[in-house]
**Q** 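One structure follows; several queries about it will come next.
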Amino acid sequence: MDEATETPRRWLGEYSYPTGHRVIELVAIVVWVGCTAVLAARVVVAAADQRSVLVAFGLVAAALAAYLVADVASGLVHAVCDNLGSVDTPVVGQKFIRSFREHHTDPLDMTRGDFVRVNADNFLACLPVVIPVLLWVDIDQHLFVGTFVLALTGLVIVTNQIHKWAHIARIGEPVPAPVRWLQRHGVILSAEHHEIHHTPPHESHYCITSGITNPFLTRIGFWPVLMRGCRVVGRRFAGSPAVAE
Ligand SMILES: [Zn+2]
Ligand SMILES: [Zn+2]
């Protein structure tokens with residue numbers, strides 16, 4: 001039976017993994033939304049207090065930097081999960097590596113998952129960034145840091161959804177009109193751009209937020225170096241230099 005097409009509907013949504021896992025995902029989403037709302041409010045208040053042309057320029061620059069960093073970060077995580085370790089690697093094997101490896105054999109599986117299943121891991125991954133900033137960074141003093149973190153984590157949590165939309169568009173299924181516009185203008189990952197990664201040997205174009213940094217990283221030969229590093233580390237520690245099919 002295809003687990004993806006037969007996902008059972010339960011009281012916490014449609015999922016086929018343990019309910020304890022689902023509860024953790026939902027808690028991560030609620031905590032992230034709460035923390036981000038407070039952080040956003042602090043950024044807005046500080047920006048209003050300090051408003052000037054220079055501050056406006058700094059806010060835009062911080063957001064643009066986050067846009068680029070989010071894309072590179074998505075590529076790094078994706079490339080490492082595709083090329084280092086295996087599904088048997090302790091802690092991260094089943095939770096993270098498995099979904100990346102299976103994505104190459106069944107790219108449409110993620111299009112069948114509900115919002116929580118597709119996006120919860122990224123909410124979880126952002127908590128160790130958002131919570132310390134909320135607790136220990138004075139946003140009045142570090143407005144651009146707050147803006148950067150707000151934009152970065154906001155982009156990270158929508159990355160899997162953007163990836164999912166690229167695959168939905170690839171099979172000709174409808175996506176929301178604003179999403180289609182953003183895809184067409186290269187603001188977020190498009191189906192055509194992401195198809196390059198899904199074409200064997202799957203060794204480039206790992207970035208999946210906007211994909212805007214893929215041409216540059218490919219041109220400077222970043223991916224072969226990273227994959228060589230993964231193979232060296234894999235041989236040394238895991239004995240499994242697994243490579244995407
Ligand atoms: Zn991949
Ligand atoms: Zn994909």
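Each ligand, and each atom within it, is numbered from 1 in the order the structure gives.
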**Q** Could you pull out the atom name of the N/O/S atom in H198 that is nearest the Zn ion (ligand 2)?
**A**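 Output for this pair reads NE2.
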**Q** Is the backbone of G211 close enough, under 3.5 Å, to the side chain of D71 for a donor and an acceptor to pair up by distance?
**A**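 A pair under 3.5 Å: yes.
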**Q** Are Q183 and H194 close enough that some pair of their side-chain heavy atoms sits under 4.5 Å apart?
**A**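 Of all side-chain heavy-atom pairs linking H194 with Q183, none is under 4.5 Å.
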**Q** State the atom name: nearest N, O or S atom of H167 to the Zn ion (ligand 2).
**A**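 Atom name of the closest N, O or S in H167: NE2.
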**Q** Only one of N83, D82, T213 passes side-chain hydrogen bond (donor to acceptor under 3.5 Å, both in side chains) with Y206; say which it is.
**A**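 That would be N83.
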**Q** What's the NE2-the Zn ion (ligand 2)-NE2 angle here (H194, H163), rounded to 10 degrees?
**A**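 NE2 of H194 and NE2 of H163 make an angle of 90° at the Zn ion (ligand 2), to the nearest 10°.
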**Q** Taking the Zn ion (ligand 1) as the vertex, what is the angle from NE2 of H104 to OD2 of D82, given to 10 degrees?
**A**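 Taking the Zn ion (ligand 1) as the apex, I get 100° for this pair.
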**Q** Taking I188 as the fixed residue, which of V158, T159, L182 is the one that meets the side chain to side chain contact (heavy atoms under 4.5 Å, CB included) rule?
**A**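 One option only clears the test, and that one is L182.
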**Q** Taking the Zn ion (ligand 1) as the vertex, measure the angle between atom NE2 in H197 and atom NE2 in H78; round to 10°.
**A**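 Once rounded, the angle between the two atoms at the Zn ion (ligand 1) is 90°.
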**Q** Rounded at 0.5 Å granularity, tell me how far SG in C81 sits from CZ in R98.
**A**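 Between C81 SG and R98 CZ, I get 14.0 Å after rounding to 0.5 Å.
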